[in-house]
2 protein chains.
Amino acid sequence: MYRIGELAQLCEVRTDTLRFYEKHGLLSPSSRTDSGYRIYTEADAERLRFILRAKAVGFTLAEIAELLSIELDKSNWACADVKGLVDDKLANVEAKIAELNHFQLSLQRLSQACCGGPESAEHCSILEALESSTENIRCENHSHTHDDAQFTKTCQDKSAVKNTQEK
Amino acid sequence: MYRIGELAQLCEVRTDTLRFYEKHGLLSPSSRTDSGYRIYTEADAERLRFILRAKAVGFTLAEIAELLSIELDKSNWACADVKGLVDDKLANVEAKIAELNHFQLSLQRLSQACCGGPESAEHCSILEALESSTENIRCENHSHTHDDAQFTKTCQDKSAVKNTQEK
DNA sequence: CTTGACCTTGGATACAACTCCAAGGTTTAT
DNA sequence: ATAAACCTTGGAGTTGTATCCAAGGTCAAG
Ligand SMILES: [Zn+2]
Ligand SMILES: [Zn+2]
Ligand SMILES: [Zn+2]
Ligand SMILES: [Zn+2]
(Lines give C-alpha, C1' and ligand atoms only; values in the text may rest on other atoms or scores of the structure.)
(Ligands and ions follow the chains in the order given, each with its own letter.)
Protein backbone atom coordinates (compact mmCIF):
# COMPACT_ATOMS: atom_id res chain seq x y z
CA MET A 1 0.00 0.00 0.00
CA TYR A 2 1.42 3.30 -1.08
CA ARG A 3 0.36 6.86 -0.68
CA ILE A 4 0.68 8.96 -3.78
CA GLY A 5 4.09 10.33 -2.94
CA GLU A 6 5.45 6.90 -2.18
CA LEU A 7 4.25 5.42 -5.43
CA ALA A 8 5.53 8.43 -7.31
CA GLN A 9 8.96 8.04 -5.82
CA LEU A 10 8.93 4.30 -6.40
CA CYS A 11 8.20 4.70 -10.09
CA GLU A 12 9.98 7.97 -10.61
CA VAL A 13 7.06 10.08 -11.68
CA ARG A 14 5.47 13.11 -10.06
CA THR A 15 2.42 13.00 -7.92
CA ASP A 16 0.90 15.34 -10.46
CA THR A 17 1.39 12.73 -13.10
CA LEU A 18 -0.44 10.13 -11.05
CA ARG A 19 -3.37 12.50 -10.53
CA PHE A 20 -3.27 13.27 -14.21
CA TYR A 21 -3.43 9.59 -15.10
CA GLU A 22 -6.31 9.17 -12.71
CA LYS A 23 -8.20 12.05 -14.26
CA HIS A 24 -7.77 10.39 -17.61
CA GLY A 25 -8.86 6.97 -16.50
CA LEU A 26 -5.53 5.23 -16.73
CA LEU A 27 -4.83 4.51 -13.11
CA SER A 28 -7.03 5.00 -10.08
CA PRO A 29 -6.00 4.23 -6.54
CA SER A 30 -7.67 1.14 -5.21
CA SER A 31 -8.96 3.06 -2.21
CA ARG A 32 -8.80 6.19 -0.14
CA THR A 33 -8.21 6.80 3.51
CA ASP A 34 -10.98 8.36 5.57
CA SER A 35 -9.34 11.69 5.06
CA GLY A 36 -9.26 11.27 1.32
CA TYR A 37 -5.66 10.26 0.75
CA ARG A 38 -5.16 8.00 -2.25
CA ILE A 39 -4.05 4.48 -1.47
CA TYR A 40 -2.39 2.43 -4.18
CA THR A 41 -1.84 -1.32 -4.04
CA GLU A 42 0.98 -3.30 -5.54
CA ALA A 43 -1.35 -4.15 -8.41
CA ASP A 44 -1.77 -0.44 -9.02
CA ALA A 45 1.98 -0.11 -9.07
CA GLU A 46 2.21 -2.88 -11.62
CA ARG A 47 -0.35 -1.20 -13.75
CA LEU A 48 1.60 2.01 -13.54
CA ARG A 49 4.74 0.21 -14.60
CA PHE A 50 2.96 -1.12 -17.63
CA ILE A 51 1.80 2.35 -18.50
CA LEU A 52 5.30 3.69 -18.17
CA ARG A 53 6.80 0.95 -20.26
CA ALA A 54 4.23 1.44 -22.96
CA LYS A 55 4.75 5.17 -22.85
CA ALA A 56 8.49 4.83 -23.06
CA VAL A 57 8.17 3.19 -26.41
CA GLY A 58 5.87 5.70 -27.96
CA PHE A 59 2.31 4.65 -27.22
CA THR A 60 0.02 7.54 -26.56
CA LEU A 61 -1.96 7.62 -23.36
CA ALA A 62 -5.07 7.08 -25.44
CA GLU A 63 -3.65 3.89 -26.86
CA ILE A 64 -2.60 2.75 -23.43
CA ALA A 65 -6.05 3.47 -22.11
CA GLU A 66 -7.52 1.41 -24.90
CA LEU A 67 -5.27 -1.48 -24.07
CA LEU A 68 -6.01 -1.28 -20.40
CA SER A 69 -9.70 -0.60 -20.64
CA ILE A 70 -10.47 -3.99 -22.06
CA GLU A 71 -9.48 -5.44 -18.78
CA LEU A 72 -12.31 -3.65 -17.01
CA ASP A 73 -14.73 -5.33 -19.29
CA LYS A 74 -13.26 -8.66 -20.11
CA SER A 75 -16.41 -10.63 -20.55
CA ASN A 76 -17.60 -8.39 -23.34
CA TRP A 77 -14.58 -9.11 -25.44
CA ALA A 78 -13.46 -12.20 -27.24
CA CYS A 79 -9.89 -13.38 -27.46
CA ALA A 80 -10.08 -12.36 -31.10
CA ASP A 81 -10.80 -8.76 -30.09
CA VAL A 82 -7.99 -8.59 -27.63
CA LYS A 83 -5.49 -10.22 -29.90
CA GLY A 84 -6.58 -7.97 -32.73
CA LEU A 85 -5.85 -4.94 -30.66
CA VAL A 86 -2.44 -6.17 -29.71
CA ASP A 87 -1.72 -7.08 -33.30
CA ASP A 88 -2.75 -3.61 -34.40
CA LYS A 89 -0.30 -2.08 -31.99
CA LEU A 90 2.27 -4.56 -33.14
CA ALA A 91 1.80 -3.52 -36.74
CA ASN A 92 2.02 0.03 -35.58
CA VAL A 93 5.30 -0.58 -33.83
CA GLU A 94 6.65 -2.48 -36.79
CA ALA A 95 5.75 0.37 -39.10
CA LYS A 96 7.55 2.77 -36.82
CA ILE A 97 10.57 0.52 -36.78
CA ALA A 98 10.57 0.36 -40.55
CA GLU A 99 10.37 4.12 -40.72
CA LEU A 100 13.25 4.46 -38.33
CA ASN A 101 15.28 1.88 -40.20
CA HIS A 102 14.80 3.89 -43.32
CA PHE A 103 16.05 7.01 -41.69
CA GLN A 104 18.85 5.17 -40.01
CA LEU A 105 20.03 4.15 -43.44
CA SER A 106 19.89 7.72 -44.66
CA LEU A 107 21.89 8.91 -41.72
CA GLN A 108 24.42 6.14 -42.16
CA ARG A 109 24.87 7.07 -45.77
CA LEU A 110 25.36 10.67 -44.79
CA SER A 111 27.80 9.75 -42.11
CA GLN A 112 29.84 7.52 -44.37
CA ALA A 113 30.19 10.18 -47.01
CA CYS A 114 31.89 12.54 -44.61
CA CYS A 115 35.49 12.29 -43.56
CA GLY A 116 34.80 13.60 -40.09
CA GLY A 117 38.05 15.47 -40.17
CA PRO A 118 38.99 18.93 -38.93
CA GLU A 119 38.65 20.53 -42.35
CA SER A 120 36.16 23.26 -42.95
CA ALA A 121 32.74 21.95 -43.70
CA GLU A 122 32.43 24.19 -46.69
CA HIS A 123 32.51 21.25 -49.03
CA CYS A 124 31.17 18.67 -46.65
CA SER A 125 29.22 15.92 -48.36
CA ILE A 126 26.66 15.88 -45.61
CA LEU A 127 25.78 19.49 -46.05
CA GLU A 128 25.70 19.16 -49.79
CA ALA A 129 23.37 16.22 -49.49
CA LEU A 130 21.08 18.17 -47.19
CA GLU A 131 21.02 21.05 -49.58
CA SER A 132 20.34 19.14 -52.72
CA SER A 133 18.45 16.29 -51.16
CA THR A 134 19.45 13.96 -53.98
CA GLU A 135 19.18 10.26 -53.38
CA ASN A 136 22.80 9.46 -54.12
CA ILE A 137 25.30 11.11 -51.91
CA ARG A 138 28.64 12.01 -53.31
CA CYS A 139 31.65 11.17 -51.18
CA GLU A 140 34.07 13.88 -50.31
CA ASN A 141 37.25 13.94 -52.34
CA HIS A 142 38.72 16.42 -49.93
CA SER A 143 39.45 19.07 -52.37
CA HIS A 144 38.40 21.28 -49.50
CA THR A 145 41.58 20.58 -47.65
CA HIS A 146 43.31 23.37 -49.52
CA ASP A 147 46.30 21.13 -49.07
CA ASP A 148 48.51 18.72 -50.85
CA ALA A 149 48.22 15.10 -51.71
CA GLN A 150 48.83 14.37 -48.09
CA PHE A 151 45.15 14.76 -47.53
CA THR A 152 43.78 12.73 -50.38
CA LYS A 153 42.54 10.06 -48.11
CA THR A 154 38.93 9.21 -48.91
CA CYS A 155 35.77 8.30 -47.16
CA GLN A 156 36.79 4.77 -46.35
CA ASP A 157 39.99 6.05 -44.92
CA LYS A 158 38.75 6.73 -41.43
CA SER A 159 42.07 7.97 -40.21
CA ALA A 160 42.65 9.15 -36.71
CA VAL A 161 40.43 12.09 -36.00
CA LYS A 162 40.27 13.17 -32.42
CA ASN A 163 40.17 16.87 -32.94
CA THR A 164 37.30 18.14 -30.84
CA GLN A 165 37.26 21.85 -31.30
CA GLU A 166 35.00 24.59 -30.19
CA LYS A 167 33.14 26.92 -32.46
CA MET B 1 9.04 29.23 -58.29
CA TYR B 2 6.04 28.54 -56.14
CA ARG B 3 3.68 30.69 -54.22
CA ILE B 4 2.89 29.44 -50.75
CA GLY B 5 -0.26 27.63 -51.77
CA GLU B 6 1.46 25.89 -54.64
CA LEU B 7 4.30 24.64 -52.51
CA ALA B 8 1.86 23.58 -49.84
CA GLN B 9 -0.14 21.56 -52.32
CA LEU B 10 2.99 20.11 -53.86
CA CYS B 11 4.25 18.83 -50.54
CA GLU B 12 0.89 18.18 -48.95
CA VAL B 13 1.13 20.54 -46.05
CA ARG B 14 -0.93 23.60 -45.17
CA THR B 15 0.10 27.10 -45.91
CA ASP B 16 -0.12 27.68 -42.19
CA THR B 17 2.52 25.07 -41.69
CA LEU B 18 4.87 26.80 -44.08
CA ARG B 19 4.40 30.09 -42.30
CA PHE B 20 4.92 28.27 -39.03
CA TYR B 21 8.19 26.79 -40.27
CA GLU B 22 9.27 30.19 -41.44
CA LYS B 23 8.51 31.76 -38.09
CA HIS B 24 10.63 29.08 -36.48
CA GLY B 25 13.56 29.46 -38.80
CA LEU B 26 13.23 26.19 -40.65
CA LEU B 27 12.29 27.37 -44.10
CA SER B 28 12.11 30.86 -45.50
CA PRO B 29 11.03 31.72 -49.00
CA SER B 30 13.91 32.79 -51.17
CA SER B 31 12.13 35.99 -52.07
CA ARG B 32 8.91 37.96 -52.06
CA THR B 33 6.94 39.63 -54.77
CA ASP B 34 6.51 43.39 -54.69
CA SER B 35 3.21 42.88 -53.02
CA GLY B 36 4.69 40.70 -50.34
CA TYR B 37 3.77 37.23 -51.57
CA ARG B 38 6.23 34.54 -50.59
CA ILE B 39 8.16 32.99 -53.47
CA TYR B 40 9.75 29.60 -52.97
CA THR B 41 12.37 28.10 -55.25
CA GLU B 42 12.91 24.46 -56.07
CA ALA B 43 15.73 24.47 -53.54
CA ASP B 44 13.23 25.62 -50.93
CA ALA B 45 11.01 22.75 -51.92
CA GLU B 46 13.87 20.32 -51.47
CA ARG B 47 14.58 21.73 -48.09
CA LEU B 48 10.96 21.31 -47.17
CA ARG B 49 11.04 17.71 -48.29
CA PHE B 50 13.99 17.08 -46.07
CA ILE B 51 12.16 18.62 -43.16
CA LEU B 52 9.15 16.46 -43.83
CA ARG B 53 11.16 13.29 -44.13
CA ALA B 54 12.97 14.04 -40.91
CA LYS B 55 9.73 14.86 -39.20
CA ALA B 56 8.05 11.71 -40.41
CA VAL B 57 10.55 9.67 -38.56
CA GLY B 58 10.30 11.45 -35.27
CA PHE B 59 12.77 14.27 -35.26
CA THR B 60 11.56 17.37 -33.50
CA LEU B 61 11.55 20.65 -35.32
CA ALA B 62 14.30 21.81 -33.00
CA GLU B 63 16.46 18.91 -34.04
CA ILE B 64 15.73 19.55 -37.68
CA ALA B 65 16.58 23.19 -37.24
CA GLU B 66 19.86 22.18 -35.69
CA LEU B 67 20.65 19.96 -38.63
CA LEU B 68 19.73 22.59 -41.16
CA SER B 69 21.26 25.56 -39.43
CA ILE B 70 24.76 24.29 -39.92
CA GLU B 71 24.30 24.81 -43.57
CA LEU B 72 23.83 28.54 -43.11
CA ASP B 73 27.17 28.69 -41.48
CA LYS B 74 29.25 26.05 -43.13
CA SER B 75 32.59 27.68 -42.87
CA ASN B 76 32.42 27.83 -39.12
CA TRP B 77 32.06 24.11 -38.82
CA ALA B 78 34.44 21.31 -39.49
CA CYS B 79 33.52 18.02 -41.07
CA ALA B 80 34.02 16.55 -37.62
CA ASP B 81 31.29 18.78 -36.21
CA VAL B 82 28.84 17.96 -38.93
CA LYS B 83 29.49 14.28 -38.82
CA GLY B 84 29.27 14.33 -35.03
CA LEU B 85 25.85 15.82 -35.25
CA VAL B 86 24.66 13.25 -37.72
CA ASP B 87 26.14 10.49 -35.63
CA ASP B 88 24.36 11.81 -32.56
CA LYS B 89 21.08 11.64 -34.37
CA LEU B 90 21.99 8.23 -35.63
CA ALA B 91 22.62 7.01 -32.11
CA ASN B 92 19.34 8.56 -31.17
CA VAL B 93 17.51 6.73 -33.91
CA GLU B 94 19.22 3.50 -33.05
CA ALA B 95 18.22 3.84 -29.43
CA LYS B 96 14.65 4.39 -30.49
CA ILE B 97 14.78 1.34 -32.69
CA ALA B 98 16.12 -0.72 -29.84
CA GLU B 99 13.32 0.51 -27.62
CA LEU B 100 10.77 -0.35 -30.22
CA ASN B 101 12.29 -3.75 -30.80
CA HIS B 102 11.96 -4.41 -27.13
CA PHE B 103 8.33 -3.54 -27.12
CA GLN B 104 7.75 -5.40 -30.32
CA LEU B 105 8.98 -8.49 -28.58
CA SER B 106 6.63 -7.93 -25.68
CA LEU B 107 3.72 -7.53 -28.00
CA GLN B 108 4.68 -10.60 -29.96
CA ARG B 109 4.82 -12.63 -26.78
CA LEU B 110 1.43 -11.36 -25.80
CA SER B 111 0.01 -12.10 -29.20
CA GLN B 112 1.39 -15.61 -29.26
CA ALA B 113 -0.08 -16.47 -25.93
CA CYS B 114 -3.61 -15.77 -27.09
CA CYS B 115 -5.68 -18.07 -29.21
CA GLY B 116 -7.40 -15.23 -31.02
CA GLY B 117 -10.63 -17.21 -31.03
CA PRO B 118 -14.23 -16.17 -30.45
CA GLU B 119 -14.24 -17.28 -26.83
CA SER B 120 -14.84 -14.79 -24.06
CA ALA B 121 -11.73 -12.95 -23.05
CA GLU B 122 -12.38 -13.67 -19.43
CA HIS B 123 -9.36 -15.93 -19.22
CA CYS B 124 -7.39 -14.37 -21.99
CA SER B 125 -3.66 -14.65 -21.50
CA ILE B 126 -3.11 -11.19 -22.81
CA LEU B 127 -5.34 -9.60 -20.25
CA GLU B 128 -3.86 -11.68 -17.50
CA ALA B 129 -0.42 -10.60 -18.55
CA LEU B 130 -1.45 -6.96 -18.52
CA GLU B 131 -2.93 -7.32 -15.09
CA SER B 132 -0.08 -9.10 -13.46
CA SER B 133 2.67 -7.62 -15.58
CA THR B 134 4.87 -10.62 -14.95
CA GLU B 135 7.73 -11.23 -17.31
CA ASN B 136 6.64 -14.68 -18.37
CA ILE B 137 3.29 -14.93 -20.00
CA ARG B 138 1.20 -18.00 -19.50
CA CYS B 139 -0.40 -19.42 -22.60
CA GLU B 140 -4.09 -20.05 -22.66
CA ASN B 141 -5.14 -23.62 -22.03
CA HIS B 142 -8.60 -22.75 -23.18
CA SER B 143 -10.36 -23.71 -20.05
CA HIS B 144 -12.51 -20.74 -20.97
CA THR B 145 -14.03 -22.60 -23.86
CA HIS B 146 -16.57 -24.11 -21.49
CA ASP B 147 -15.99 -27.17 -23.61
CA ASP B 148 -14.43 -30.57 -23.53
CA ALA B 149 -11.02 -31.92 -24.29
CA GLN B 150 -11.59 -31.06 -27.88
CA PHE B 151 -10.19 -27.66 -27.16
CA THR B 152 -7.06 -28.63 -25.32
CA LYS B 153 -4.87 -27.46 -28.11
CA THR B 154 -2.41 -25.09 -26.57
CA CYS B 155 0.03 -22.49 -27.61
CA GLN B 156 2.79 -24.80 -26.67
CA ASP B 157 1.28 -26.02 -23.50
CA LYS B 158 3.14 -24.18 -20.85
CA SER B 159 0.05 -24.09 -18.73
CA ALA B 160 1.98 -25.26 -15.71
CA VAL B 161 2.82 -21.73 -14.60
CA LYS B 162 0.87 -20.64 -11.61
CA ASN B 163 -0.58 -17.54 -10.19
CA THR B 164 1.88 -15.88 -7.87
CA GLN B 165 0.66 -12.60 -6.48
CA GLU B 166 -2.24 -11.07 -4.65
CA LYS B 167 -1.36 -9.26 -1.49
C1' DC C 1 0.06 23.11 20.15
C1' DT C 2 3.04 24.17 16.63
C1' DT C 3 5.85 22.80 12.82
C1' DG C 4 6.89 20.59 8.60
C1' DA C 5 6.02 17.08 5.50
C1' DC C 6 2.55 15.28 3.27
C1' DC C 7 -2.10 15.25 1.13
C1' DT C 8 -6.56 17.44 -1.25
C1' DT C 9 -8.86 20.21 -5.17
C1' DG C 10 -9.36 23.24 -9.06
C1' DG C 11 -7.28 25.99 -12.14
C1' DA C 12 -3.27 28.12 -14.57
C1' DT C 13 0.73 27.42 -17.33
C1' DA C 14 4.06 25.21 -20.56
C1' DC C 15 5.74 23.11 -24.71
C1' DA C 16 5.37 21.15 -29.49
C1' DA C 17 3.43 21.47 -33.64
C1' DC C 18 0.19 22.90 -35.65
C1' DT C 19 -4.63 24.96 -37.13
C1' DC C 20 -7.96 28.43 -37.56
C1' DC C 21 -9.67 33.13 -37.75
C1' DA C 22 -10.37 38.10 -38.83
C1' DA C 23 -9.55 41.95 -41.52
C1' DG C 24 -7.77 43.35 -45.25
C1' DG C 25 -4.59 43.53 -49.82
C1' DT C 26 -3.61 41.24 -54.75
C1' DT C 27 -4.41 38.70 -59.00
C1' DT C 28 -7.01 36.86 -62.55
C1' DA C 29 -11.04 35.80 -65.20
C1' DT C 30 -15.15 37.14 -67.02
C1' DA D 1 -15.55 46.25 -62.36
C1' DT D 2 -16.68 42.77 -59.70
C1' DA D 3 -16.14 38.12 -57.90
C1' DA D 4 -13.34 34.24 -56.75
C1' DA D 5 -9.38 32.70 -55.33
C1' DC D 6 -5.37 33.78 -53.73
C1' DC D 7 -2.16 36.23 -50.40
C1' DT D 8 -0.74 39.14 -45.92
C1' DT D 9 -0.34 39.76 -40.60
C1' DG D 10 -1.19 39.06 -35.79
C1' DG D 11 -3.22 36.46 -32.59
C1' DA D 12 -6.21 32.87 -30.59
C1' DG D 13 -7.35 27.95 -30.14
C1' DT D 14 -6.22 22.80 -30.08
C1' DT D 15 -4.22 18.37 -28.51
C1' DG D 16 -1.29 15.69 -25.75
C1' DT D 17 1.30 15.35 -21.71
C1' DA D 18 2.30 16.96 -18.23
C1' DT D 19 3.86 20.71 -14.23
C1' DC D 20 3.04 24.24 -11.09
C1' DC D 21 0.43 26.91 -7.87
C1' DA D 22 -2.77 28.44 -4.18
C1' DA D 23 -5.55 27.59 -0.37
C1' DG D 24 -6.37 24.62 2.69
C1' DG D 25 -6.81 19.65 5.34
C1' DT D 26 -4.03 15.66 7.81
C1' DC D 27 -0.60 13.62 10.51
C1' DA D 28 3.51 12.46 13.41
C1' DA D 29 7.21 14.49 16.25
C1' DG D 30 8.84 17.51 19.70
ZN1 LIG E 1 35.54 16.28 -45.08
ZN1 LIG F 1 32.13 16.25 -44.24
ZN1 LIG G 1 -8.40 -17.69 -26.01
ZN1 LIG H 1 -6.86 -14.57 -25.52
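Residue numbers start from 1 in every chain, and the chains themselves are labelled A, B, ... in the order their sequence lines are given, proteins ahead of strands. Source: prediction; values computed, not measured.
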> Are any of the side-chain heavy atoms of A:Arg19 and A:Asp16 separated by less than 4.5 Å?
Replying inline: yes

> Separation of B:Arg32 atom CZ from D:dC7 atom P, in whole Å?
Replying inline: 12 Å

> Hey, does A:Leu48 have a side-chain heavy atom less than 4.5 Å from the side chain of A:Tyr40?
Replying inline: no

>> On the nucleotide D:dT8, are OP1 or OP2 found under 4.0 Å from the side-chain N or O atoms that B:Arg19 carries?
In response: yes

> If you check the A:Leu61 side chain, which of C:dT9, D:dA18, C:dA17 turns out closest?
Replying inline: D:dA18

>> Hydrophobic clusters here meaning ILVMFWY residues chained together by side-chain heavy-atom distances under 4.5 Å, can you tell me if A:Tyr37 and A:Leu27 are in one?
In response: no

>> I need the CD1-P distance between B:Ile4 and D:dT9, as an integer number of Å.
In response: 8 Å

> Would you call B:Lys89 and B:Glu94 a salt bridge, using N to O less than 4.0 angstrom?
Replying inline: no

> Looking at A:Thr17, does any N or O in its side chain come under 4.0 Å of the phosphate oxygens OP1/OP2 on D:dT19?
Replying inline: yes

> Would you say A:Tyr21 reaches D:dT17's phosphate, i.e. side-chain N/O to OP1/OP2 under 4.0 Å?
Replying inline: no

>> Between A:Glu119 and B:Lys83, does any NZ, NE, NH1 or NH2 come within less than 4.0 Å of an OD or OE carboxylate oxygen?
In response: no

> A:Glu12 has an atom CD; how far is it from atom P of D:dA18, in whole Å?
Replying inline: 15 Å

> What is the distance, rounded to the nearest whole Å, between atom CE of B:Met1 and atom P of D:dC7?
Replying inline: 16 Å

Tabulate atom names and distances for all N/O pairs under 3.5 angstrom spanning the protein and nucleotides 27-30 of chain C.
from, atom 1, to, atom 2, distance (Å)
C:dT27, OP1, B:Ser35, OG, 3.1

> Could you give the CG-to-P distance, from A:Asp16 to D:dG16, as a whole number of Å?
Replying inline: 20 Å

>> For C:dG10 and A:Lys23 - does any side-chain N or O of the residue sit under 4.0 Å from the phosphate oxygens OP1/OP2?
In response: no

>> If only side-chain N and O atoms count, and only distance matters, is there a donor-acceptor pair under 3.5 Å linking A:Gln9 with A:Tyr2?
In response: no

>> With side-chain contact (heavy atoms from CB on, under 4.5 Å) as the criterion, how do A:Glu22 and A:Arg38 come out once you've worked through the C-alpha distance, each side chain's angles and the decisive distance to 0.1 Å?
In response: CA-CA 11 Å; A:Glu22 182 175 352; A:Arg38 290 166 176 83; 2.5 Å; yes

> Please give, in whole Å, the distance from C:dA17 P to B:Ile64 CD1?
Replying inline: 8 Å

> Once you round it to whole Å, what is the distance between P of C:dT13 and CZ of A:Phe20?
Replying inline: 18 Å

> Looking at B:Arg14, does any N or O in its side chain come under 4.0 Å of the phosphate oxygens OP1/OP2 on C:dC18?
Replying inline: no

> To the nearest angstrom, how far is A:Leu27 atom CG from D:dT17 atom P?
Replying inline: 16 Å

